[in-house]
Protein chains: 2
Amino acid sequence: MSNLDTTFADLSDVTRRAIFGRLMQGEARLSDLAAPFDMSQTAVSKHVRVLSDAGLLELEKRGRTRHCRLNAHAMKDASDWLTDYQGFWPQQFNNLARHVSGQGE
Amino acid sequence: MSNLDTTFADLSDVTRRAIFGRLMQGEARLSDLAAPFDMSQTAVSKHVRVLSDAGLLELEKRGRTRHCRLNAHAMKDASDWLTDYQGFWPQQFNNLARHVSGQGE
DNA sequence: TTTTTACCAAACCATATGGTTGACTATATA
DNA sequence: TATATAGTCAACCATATGGTTTGGTAAAAA
């Protein structure tokens, strides 16, 4: 799978987007991440592994806890892609929307 | 699945991103869409159905051909989300990147 | 030292995904 | 009319995904 494939696939799961969002507020332990979800810690651990494999976050073992934080570099790549994407599409969408809705200008 | 789930899932397949890209250049018949790919027309037809079910494109039957075009409204929704997303994250990413790389500023 | 905590690993399960083939329908074209 | 073309549908297959449970290990706390 390409990088873009995995990034989008990762973002297509609501649990992972939530983990993503949580980590924006800062580092968290695996059990902290798992707590809000109505599923086993093992399941959350798998999601974290998916994100980690995609390079979207980093894991650090400290004693018996595992600490997760966003990987700024990988995030930057994703952000850059979105920037490019978003820079290109909107006019197209808007043009198309104007055309379709017949609103002219 | 939520709307966001399906949109990201749709974008996570390279074939569908290519179809997506092709349709940005304008309407196309199903067989036109299928031609560049080393897979059966049935497979491409399935991808098109996935995109259609997600509301990302529209199908129109004209005689024996099926014409596809982007759905401007659904596209606008996706674009809006990306805009919000991208408006929110970059500073965060940049802050995080600065912090991690220790570049101060 | 014993017990609890935090996590991993393996096996398993149901469903989704991305592809195939073959048979079919409907429309153009010769 | 006969044939080729565009596309669908249904059945099938292999693999991926998202979850579970059970049993383990290592570290912290009692």
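This one's a predicted model, so the numbers in the text were calculated from it and none came from an experiment. Here is the naming used below: chain letters follow the sequence lines, and residue numbers restart at 1 for every chain.
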Pairs under 3.5 Å (N/O, protein and nucleotides 27-30 of chain C):
residue : atom : partner : partner atom : Å
C:dT27  : O2   : B:Arg64 : NH1          : 3.3
C:dA28  : O4'  : B:Arg64 : NE           : 3.4
C:dA28  : O4'  : B:Arg64 : NH2          : 3.4

Where do N or O atoms of nucleotides 23-25 of chain D meet protein N or O atoms at under 3.5 Å, pair by pair?
none

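For the OP1/OP2 pair of C:dC8 and a distance below 4.0 Å, the side-chain nitrogens and oxygens of A:Arg49 include no atom meeting the criterion. Contact annotation: B:Thr65 side-chain N/O to D:dA6 OP1/OP2 distance is not under 4.0 Å. Within the structure, a side-chain polar atom (N or O) of B:Ser40 is placed less than 4.0 Å from OP1 or OP2 of C:dT20.
Applying the salt bridge (Lys or Arg N to Asp or Glu O under 4.0 Å) test to every pair with at least one member in residues 20-31 of chain B, sequence neighbours left out, gives these pairs: B:Glu27-B:Arg62, B:Glu27-B:Arg69, B:Arg29-B:Asp32. Sorted by first and then second residue, the salt bridge (Lys or Arg N to Asp or Glu O under 4.0 Å) pairs with a member in residues 38-57 of chain A form an empty list; sequence neighbours excluded.
Distance B:Leu51 CG to C:dG18 P: 10 Å, rounded to the nearest Å. Rounded to whole Å, the distance from NE2 on A:His47 to P on D:dT17 is 12 Å. Atom CD of B:Gln41 is separated from atom C1' of D:dT8 by 10 Å (rounded to the nearest Å). The CZ atom of B:Phe8 sits 17 Å away from the P atom of D:dT17 (whole-angstrom rounding). In this structure, the CG atom of B:Asp13 is 8 Å from the C1' atom of C:dG18, given to the nearest Å. In this structure, CD of B:Glu60 is placed 14 Å from P of D:dT8, rounded to the nearest angstrom. If you take CG of A:Asp5 and C1' of D:dA16, they are 13 Å apart, rounded to a whole angstrom.
Among the nucleotides D:dG7, D:dG19, C:dT20, the one closest to any side-chain atom of B:Ala43 is C:dT20. Checked against C:dT20, D:dT20, C:dC8, the side chain of B:Met39 finds its nearest nucleotide in C:dT20. Minimum atom distance to the side chain of A:Lys46 is reached by D:dT20, of the listed C:dT20, D:dT20, D:dT8.
With sequence neighbours left out, A:Arg16 forms a side chain to side chain donor-acceptor pair (under 3.5 Å) with A:His47. Every residue meeting the side-chain contact (heavy atoms from CB on, under 4.5 Å) condition with A:Thr42, not counting sequence neighbours, appears here in chain and number order: A:Ser40. Partners of A:Thr65 by side chain to side chain donor-acceptor pair (under 3.5 Å), not counting sequence neighbours, listed by chain and number: A:His67.
Taking the charged nitrogens against the carboxylate oxygens, B:Asp10 and B:Arg17 have no contact shorter than 4.0 Å, which rules out a salt bridge.
Residues A:Ile19 and A:Phe37 have side chains in contact (heavy-atom distance under 4.5 Å, counting atoms from C-beta outward).
In the hydrophobic cluster analysis, where Ile, Leu, Val, Met, Phe, Trp and Tyr join through side-chain heavy atoms closer than 4.5 angstrom, B:Val44 is grouped together with B:Leu56.
In this structure, B:Leu57 CG and B:Phe20 CZ are separated by 8.5 Å, a value rounded to the nearest 0.5 Å. The CD atom of A:Glu58 sits 8.5 Å away from the OG atom of A:Ser52 when rounded to the nearest 0.5 Å.
In the helix from C:dT1-D:dA30 to C:dA30-D:dT1, the terminal helix axes, each the rotation mapping four pairs' C1' atoms onto the next four within five end pairs, subtend 10°, rounded to 10°.
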Walk me through whether B:Leu33 and B:Leu23 qualify under side-chain contact (heavy atoms from CB on, under 4.5 Å). CA-CA 9 Å; B:Leu33 289 177; B:Leu23 289 177; 4.0 Å; yes
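Within residues 25-37 of chain A, the residues that have a heavy atom under 4.0 Å from DNA chain C are, in order of number, A:Arg29, A:Leu30, A:Ser31.
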